[in-house]
Each structure stands twice: as structure tokens, then as C-alpha cells.
Protein chains: 2
Amino acid sequence: MSVSLAIQESSSSRDRILDVAEWLFARRGFNGVGLREVADQAGLGKSSLFHHFQTKSELYCQVILRTLERIRAHVQPALDSDGTAAGRLDRVVDALIDALVGDPPSARLLLRSMFEDEMLPESAHELPEHKAAECETESMLSDFGMLIREGIDSGVFRRVSVPHTIQSLIGAIVFHFASGELGEKLIHSELLAPEAVAARRREVKDLLRHGMVAEDSATAGEKK
Amino acid sequence: MSVSLAIQESSSSRDRILDVAEWLFARRGFNGVGLREVADQAGLGKSSLFHHFQTKSELYCQVILRTLERIRAHVQPALDSDGTAAGRLDRVVDALIDALVGDPPSARLLLRSMFEDEMLPESAHELPEHKAAECETESMLSDFGMLIREGIDSGVFRRVSVPHTIQSLIGAIVFHFASGELGEKLIHSELLAPEAVAARRREVKDLLRHGMVAEDSATAGEKK
DNA sequence: GTCTATATCACGATAGAC
DNA sequence: GTCTATCGTGATATAGAC
């Protein structure tokens with residue numbers, strides 16, 4: 001309906017295909033999307049796709065890789081910024097949310113890609129795009145980990161488990177923006193509405209800072 | 001390989017089909033699973049499935065519903081328990097983790113089901129199993145919300161956003177156990193290994209209690 | 001680069017014997 | 001309740017004209 005639209009009329013066929021495929025793969029997954037539908041929405045015949053991408057897997061992997069690189073581009077300045085680990089983590093959270101909001105299908109696409117690897121054909125795992133995507137993922141998770149580790153070592157953060165904290169961050173951020181109808185029913189708003197995005201930023205960062213417990217200054221150390 | 005196995009030889013055909021389908025749908029999604037494969041692994045011919053389930057959609061919806069009901073059965077006692085909202089929330093977290101760990105495919109299955117609804121055929125949305133599953137989901141989210149609301153009203157929790165906190169909880173808990181290879185690479189352990197599960201319980205509950213910041217008793221109120 | 005036409009295959013579902 | 005056989009469809013991918 002109003003979901004898939006425009007996509008830019010003045011771009012190259014290749015970019016139009018990638019844009020259409022990104023939306024479709026995000027909403028219905030690798031196996032749920034037919035190249036016929038991609039071709040139609042990109043304004044081409046089905047066979048024309050194979051002049052731009054040799055296989056469906058290659059198209060898929062290029063979509064994933066492009067999304068990861070966009071996120072990296074958003075997050076890198078925050079990682080490189082100055083200040084305490086806590087301040088930088090806040091900026092990373094903001095940058096990650098910026099990236100996901102600026103590329104609406106990306107949250108779902110990434111969440112799906114995390115557990116749809118095994119339903120790609122064997123051959124897809126040999127594609128350079130696939131390996132590059134894996135590498136980019138590892139690299140970003142590693143950078144997040146180093147930031148958290150630095151925060152612990154400098155005494156700014158508790159002695160959290162670094163990998164578990166990364167998992168919680170991904171869960172709290174990426175999952176939220178991937179949650180679609182379920183999330184929108186919960187928050188009674190579109191996930192990408194400006195106030196909803198602002199609220200999400202605030203809630204995630206406050207949760208990271210204070211947890212859920214009220215007035216921990218007064219009762220800290222007493223509980224547990 | 002070592003993933004799909006045994007499944008109980010002494011159960012009814014119907015239960016074997018449900019068990020096999022649960023594993024397969026969890027790993028590859030609705031469109032990624034063929035009834036041929038379900039039948040093979042259940043030890044039946046493909047056509048025999050249609051004597052137990054009229055359509056693939058019906059099989060899928062019954063798998064989802066069964067999973068939701070198992071989770072409800074685990075979580076209900078925690079919701080009904082006594083004590084502060086904080087204590088009950090801890091028990092709910094534990095119960096939810098118990099449920100996900102006790103039914104290994106369930107985390108992925110649920111995460112997938114949250115955004116695979118729209119790739120089911122139209123007819124599936126009219127199935128009683130589908131409506132029951134939607135109802136069960138809403139009901140459980142509502143119960144979580146009431147618990148958090150009560151914690152805020154009684155002054156135990158900060159004035160968090162209830163729906164956003166639910167989203168963070170789902171993200172931190174369900175996503176983690178659905179994250180598969182990615183999560184296992186991060187934590188350097190199988191997700192369901194007892195120590196890994198114990199660590200996850202601890203990390204999630206500590207994050208809810210204290211956030212990430214160290215020694216908030218000393219610096220509370222100074223930041224922001 | 002894009003098209004039409006087609007090859008090949010797997011899918012969900014049905015019919016009907018046993 | 002399970003089977004074999006089959007129908008109709010839509011998938012990825014290819015061949016080759018324009």
C-alpha cells in the first residue's frame with residue numbers, strides 16, 4: 001500500500017534494484033521475495049536483473065553489505081569522538097539509531113540477516129559480498145566491545161560482561177526498530193515518528209545509565 | 001547435522017510433525033521450509049501431513065500457538081507471585097528465560113513470527129490458531145505492562161516508558177536466545193550452555209537494576 | 001541493457017488406492 | 001492414516017533476439 005513507493009526515479013537501474021530489494025527482503029525475507037516482484041517494482045523485466053546481479057544470492061548479499069556500510073559510516077564518528085566511554089557510548093547509540101531511522105528497512109533486514117544466513121544456498125557463502133558483510137559485522141561488534149571494555153577499565157562502567165552488553169544493546173535498539181506492527185501497537189505510534197524516535201533514544205540511554213530502579217542514589221548498595 | 005535430531009520416537013505423528021516443524025520454521029522461516037522436508041524428518045510421506053493439518057499455514061500457526069502457550073505457562077506463576085514489582089519482574093525474567101531455554105527453537109520462532117505475519121497468505125489470518133496466538137501475545141504484553149506500571153506507581157521503578165521498557169526486555173531476552181551463531185561467536189559459548197544461561201540471567205537483571213554506570217551511589221545526580 | 005521465450009525444478013495441495 | 005501419482009503454479013536461471 002503506502003509502504004513501498006517512489007524509490008527515486010532518476011537513479012540507475014542498479015540502484016533502483018538494490019533499493020527495491022532492500023525493502024522487499026526486509027519485509028519478507030530472502031525466501032519470501034521473488035525476483036519477479038523486484039523487477040516489477042524496479043520497472044524492469046525479470047531477466048534484466050541478471051545483467052546487474054548474477055544470482056539472487058548476490059543481490060541479497062549486496063543489499064546487506066550496503067546496509068552495513070551505511071551503518072558503519074554513521075557510527076564511526078561516534079566511535080572516534082572524544083570524551084569518556086559513557087559519553088561516546090551515548091553518541092554511538094544515537095548514531096546507530098540515526099542510521100536505522102535514516103534507512104527504514106535496515107533494522108529488519110539486519111535482524112533477519114542474523115539468522116537467515118543458513119537458508120542461503122551454499123554458494124552464497126563464497127561470494128565476496130557475503131564475506132565482506134561478515135567482516136564488517138565482526139569489526140563493528142569488536143569496536144563496540146572495545147568501547148565498553150575501555151569504559152570498564154577506566155571505572156566509568158560496572159564490570160558488565162562485554163559480549164552480553166553488546167547483545168543487550170542490539171536487542172534494545174535494533175530489535176525495537178525492527179519490531180514493526182508489534183512495536184507500533186505497543187507504543188501507539190509509528191516507530192519512525194520523530195517523537196517516538198526521540199523517546200526511544202531517551203529510554204535506551206536512561207536504561208543504560210540508571211537501570212529501572214528508582215532513586216538509586218538513596219538506596220544504592222542496600223539491595224542485592 | 002547435530003542440530004535436528006531424535007524428536008521423540010514414541011509420540012504421535014501429530015506431535016512429531018509439530019516438533020519437526022517448530023525446529024524448521026525457527027531456523028528457516030515460513031517460506032524457507034518445505035512440507036517435503038517436514039514430512040521426511042517426521043518419518044511420513046508428504047501427503048500424510050494434510051491429514052493432520054489442512055494447510056501449511058495451519059501447521060505454522062499451531063506451532064506458534066503451542067510455543068506461546070508454553071511460555072505463558074512458565075511466566076504465569078511469576079506474574080502471580082508475591083512481593084515488590086522489582087522482585088516479580090526478576091522472577092518473570094527468569095521464567096521467560098526458563099521457557100526459551102526449555103524450548104530451544106522458541107526464541108527464534110517468536111522473533112521471526114513478529115515480522116513474518118505479513119508473509120502468510122491472507123487466509124491464514126482467519127485461522128482460529130492465528131487469532132488465538134495474537135490474543136495470547138497481546139495478553140502477555142499487557143501483563144508485563146501492568147507489572148511495570150505497578151512498579152512505577154509504587155515508587156520501586158523510575159518513571160520509565162512502559163511500552164519502551166517492554167521492548168527493551170524482549171530485545172534483551174528473546175533476541176539474545178534467538179541470535180544463534182552471532183551470539184555464540186560473541187560470548188564464545190553455546191547460547192544454551194548452563195553457564196551462558198546463568199550469565200545471561202545475571203547480566204539482564206543487573207542491567208535492569210543498575211544500568212551500566214559504575215558506583216551510581218557516589219555520582220548520582222551529578223551527570224546529565 | 002532490456003526484452004520474450006523457455007528450461008528446469010520445487011512447491012502446496014488434491015485424488016484415490018490400500 | 002499412510003501411501004503413490006499428479007495437478008497447477010511460480011520459482012531461479014538461461015538463451016538469444018533487438
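Chain letters run A, B, ... following the sequence lines, proteins first and then strands; every chain starts at 1. Side-chain atoms are counted along with the backbone in the values below, which use heavy atoms only and exclude waters and symmetry mates.
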Participant: May I ask you to decide if the ring planes of Phe25(A) and Phe30(A) are parallel, tilted or perpendicular, using 30° and 60° as cut-offs?
Facilitator: parallel

Participant: Just verifying a value: how many Å separate Ile148(A) CD1 and Leu89(A) CG, rounded to the nearest 0.5 Å?
Facilitator: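 Between Ile148(A) CD1 and Leu89(A) CG, I get 6.5 Å after rounding to 0.5 Å.
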
Participant: Can you list the residues that meet the ring-ring contact (aromatic ring centres under 6.0 Å, His included) rule with His130(A), with sequence neighbours excluded?
Facilitator: His125(A)

Participant: Could you state the atom-to-atom distance from CG of Asp40(B) to P of dG12(C) in whole Å?
Facilitator: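 Taking atom P of dG12(C) as the reference, CG of Asp40(B) is at 12 Å.
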
Participant: Could you check how far CZ of Arg28(A) sits from P of dG10(D), rounded to whole Å?
Facilitator: 14 Å

Participant: Taking CG from Leu24(A) and P from dA11(D), how many angstroms apart are they, rounded to a whole number?
Facilitator: 12 Å

Participant: Looking at Asp82(B) and Arg88(B), is any side-chain nitrogen of the basic one under 4.0 Å from a carboxylate oxygen of the acidic one?
Facilitator: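 A salt bridge is absent here (no side-chain N lies under 4.0 Å from a carboxylate O).
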
Participant: For Val38(B), answer base if it contacts any base atom (sugar-phosphate contacts may also be present), sugar-phosphate if it contacts only those atoms, and nothing otherwise; contact means non-hydrogen atoms under 4.0 Å.
Facilitator: nothing

Participant: Do any of residues 43-51 of chain B sit with a heavy atom less than 4.0 Å from DNA chain C, and if so which?
Facilitator: Lys46(B), Ser47(B), Phe50(B)

Participant: Quickly, which of Glu136(A), Glu22(A), Arg72(A) forms a side-chain contact (heavy atoms from CB on, under 4.5 Å) with Thr67(A)? Name it, please.
Facilitator: Glu22(A)

Participant: Find which nucleotide of DNA chain D each of Gln54(A) and Arg36(A) is nearest to by heavy atoms, and output the residue with the more 5' nucleotide.
Facilitator: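 Whichever sits nearer the 5' end wins; that is Arg36(A).
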
Participant: What integer distance in Å separates Leu35(A):CG from dC3(C):C1'?
Facilitator: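 To the nearest whole Å, that distance equals 16 Å.
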
Participant: Any chance you could lay out the side-chain hydrogen bond (donor to acceptor under 3.5 Å, both in side chains) test for Arg91(B) and Ser81(B), step after step, and finish with the verdict?
Facilitator: CA-CA 8 Å; Arg91(B) 285 189 283 276; Ser81(B) 67; 2.9 Å; yes

Participant: Expressed as a whole number of angstroms, how long is the span from Phe53(A):CZ to dT12(D):P?
Facilitator: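 Between P of dT12(D) and CZ of Phe53(A): 14 Å.
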
Participant: Once you round it to whole Å, what is the distance between P of dG1(C) and CG of Asp15(A)?
Facilitator: 13 Å

Participant: How many whole angstroms separate atom CZ of Arg14(B) from atom P of dG1(D)?
Facilitator: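 One finds 11 Å between P of dG1(D) and CZ of Arg14(B), rounded.
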
Participant: Quickly work out the Asn31(B) CG to dA10(C) P distance and round it to whole Å.
Facilitator: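 Distance, rounded to whole Å: 17 Å.
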
